Visitor: 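Have a look at this one before I ask anything.
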Amino acid sequence: MEEPASENTAPCVYFAETGPANTGRTLELAHARAGALGIRKILVATTSGATGVQAIQALQGLDLLIVTHSSGFGEPDTQELTPENRAAIENAGVQILTCQHAFGGVGRAVRKKLDTYQIDEIIAYTLRTFCEGIKVTAEMALMAADAGLVRTDEPVIAIAGTASGADTAVVLKPANAQGFFDLRFLEIICIPSPWHP
């Protein structure tokens, strides 16, 4: 009988529901996994900034990068990150990344204008077969790498959610958008799975 290949075992939490009710637990699980793996860089998706502020409180001592929706995402000339939450994040000395979404830039304009999907949004829909948060974790890792705010040869933890709050956390190796296929999901820390048996 052959010797089995070396293996790693890591816990994964499956939430029975999606959404912000899981935020505290998601941050707790991510913090514990960061400590176990020695990972210091944490990416946190936020819309209004509420999840970003909560992450600052829960993930003290770690190197956070708060990633927002692009300006104009909801409607032209607007930013969904509230001025109060922006101030709280900046006053905590945490960096904010606001830029074009890796899976929804010019391709989204083509869909809206010509009623046809481009490859970036097809990739996004494919990642959503896991859950919305998986798509967002990959997307913000690409965005952060393209902005030079994370390295592509060091794992990070990425935290995202479904509509609001956080319900997904992963360990991944970022990539630049032009090297998308080099991005690697290394662990799923937690994920919503309402259909889990």
Side-chain angles (χ1 to χ4, degrees), residues 8-69 73 80-82 84-86 88-89 92-98 101-103 124 126-145 149-150 154-174 183-197:
N8 293 314
T9 302
C12 179
V13 172
Y14 296 95
F15 295 121
E17 301 295 330
T18 63
N22 302 311
T23 301
R25 181 71 172 133
T26 298
L27 296 172
E28 176 187 321
L29 291 165
H31 192 270
R33 202 66 189 134
L37 296 173
I39 294 174
R40 296 205 27 78
K41 191 68 168 189
I42 314 290
L43 310 180
V44 180
T46 197
T47 302
S48 70
T51 302
V53 170
Q54 193 171 348
I56 290 168
Q57 297 162 354
L59 302 173
Q60 291 183 15
L62 296 172
D63 182 11
L64 302 184
L65 176 63
I66 306 299
V67 182
T68 73
H69 276 168
F73 182 83
E80 295 164 294
L81 178 62
T82 69
E84 299 79 21
N85 286 334
R86 175 181 293 281
I89 294 165
V94 174
Q95 193 166 21
I96 299 169
L97 172 62
T98 301
H101 294 194
F103 299 139
T126 303
L127 290 170
R128 285 186 187 109
T129 63
F130 289 94
C131 70
E132 181 70 22
I134 290 291
K135 187 277 293 189
V136 175
T137 61
E139 187 167 41
M140 66 180 173
L142 297 171
M143 293 158 58
L149 301 176
V150 296
E154 295 176 1
V156 301
I157 290 178
I159 300 167
T162 305
S164 66
D167 58 19
T168 305
V170 300
V171 179
L172 55 72
K173 187 180 82 62
L183 184 141
R184 293 288 180 264
F185 284 95
L186 306 175
E187 291 183 13
I188 296 175
I189 299 168
C190 59
I191 188 172
S193 185
W195 310 277
H196 195 276

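Not measured: the values here are computed from a predicted model.
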Visitor: Could you give me the CA-CA distance, side-chain angles and deciding distance for Val13 and Asn22, then say whether side chain to side chain contact (heavy atoms under 4.5 Å, CB included) is met?
Guide: CA-CA 11 Å; Val13 172; Asn22 302 311; over 6 Å; no
Visitor: As an exercise, state the distance from CG of Leu81 to CZ of Phe73, rounded to the nearest 0.5 Å.
Guide: 14.0 Å
Visitor: As an exercise, state the distance from CD1 of Ile159 to CG of Leu29, rounded to the nearest 0.5 Å.
Guide: 9.5 Å
Visitor: Any chance you could measure Met143, atom CE, to Met140, atom CE, to the nearest 0.5 Å?
Guide: 9.0 Å
Visitor: Filter on salt bridge (charged side-chain N to carboxylate O under 4.0 Å, His left out), then keep only pairs touching residues 159-169, sequence neighbours left out; what's left?
Guide: none
Visitor: Step by step, work out the side chain to side chain contact (heavy atoms under 4.5 Å, CB included) result for Leu43 and Thr137.
Guide: CA-CA 8 Å; Leu43 310 180; Thr137 61; over 6 Å; no
Visitor: Please check this pair: side chain of Arg40 against backbone of Ala34, looking for a donor-acceptor N/O pair closer than 3.5 Å.
Guide: no
Visitor: Between Ala166 and Thr51, which heavy-atom pair has the shortest distance, and what is it?
Guide: CB-CG2, 4.2 Å
Visitor: Using side chain to side chain contact (heavy atoms under 4.5 Å, CB included) as the criterion, list what pairs up with Ala124, not counting sequence neighbours.
Guide: Phe103, Arg128, Lys135
Visitor: Tell me the closest heavy-atom pair linking Leu65 and Ala144, and the distance in Å.
Guide: CD2-CB, 3.7 Å
Visitor: Let's go through Asn85 and Ser48 carefully: what are the C-alpha distance in whole Å and the side-chain angles of both, what is the deciding distance for side chain to side chain contact (heavy atoms under 4.5 Å, CB included) to 0.1 Å, and is it a yes or a no?
Guide: CA-CA 7 Å; Asn85 286 334; Ser48 70; 4.1 Å; yes
Visitor: Heavy-atom count check: over 12 atoms from other residues, nucleotides or ligands less than 6.0 Å from Phe185 CZ?
Guide: yes
Visitor: Measure the spacing between CG of Leu142 and CG of Leu172 and express it to the nearest 0.5 Å.
Guide: 9.0 Å
Visitor: State, with a plain yes or no, whether a side-chain heavy atom of Pro174 is found less than 4.5 Å away from one of Val156.
Guide: yes
Visitor: Please test Arg33 against Glu187 for salt bridge (charged side-chain N to carboxylate O under 4.0 Å, His left out), starting from the C-alpha separation and ending with a verdict.
Guide: CA-CA 10 Å; Arg33 202 66 189 134; Glu187 291 183 13; 2.7 Å; yes
Visitor: What is the minimum heavy-atom distance between Ala169 and Thr26, and which atoms define it?
Guide: CB-CG2, 4.0 Å
Visitor: Considering only heavy atoms from C-beta outward, does the side chain of Ile191 approach that of Phe15 to under 4.5 Å?
Guide: no
Visitor: If you look at every heavy atom in Thr168 and Pro192, which pair is closest and at what distance?
Guide: OG1-CD, 3.4 Å
Visitor: How many angstroms lie between CD in Glu80 and OG1 in Thr47, if you round to the nearest 0.5 Å?
Guide: 6.0 Å
Visitor: Quick one: closest heavy-atom pair of Ala145 and Val150, and the distance?
Guide: N-CG2, 3.5 Å
Visitor: Do Ile89 and Val53 come close enough that some side-chain heavy atom pair is under 4.5 Å?
Guide: yes
Visitor: What residues form a side chain to side chain donor-acceptor pair (under 3.5 Å) with Thr68, not counting sequence neighbours?
Guide: Thr98
Visitor: Please round to the nearest 0.5 Å and tell me the distance separating atom CG of Leu37 and atom CD1 of Ile189.
Guide: 7.5 Å
Visitor: Of all the heavy-atom pairs spanning Ile157 and Ile39, show the shortest one and how long it is.
Guide: N-CG2, 4.0 Å
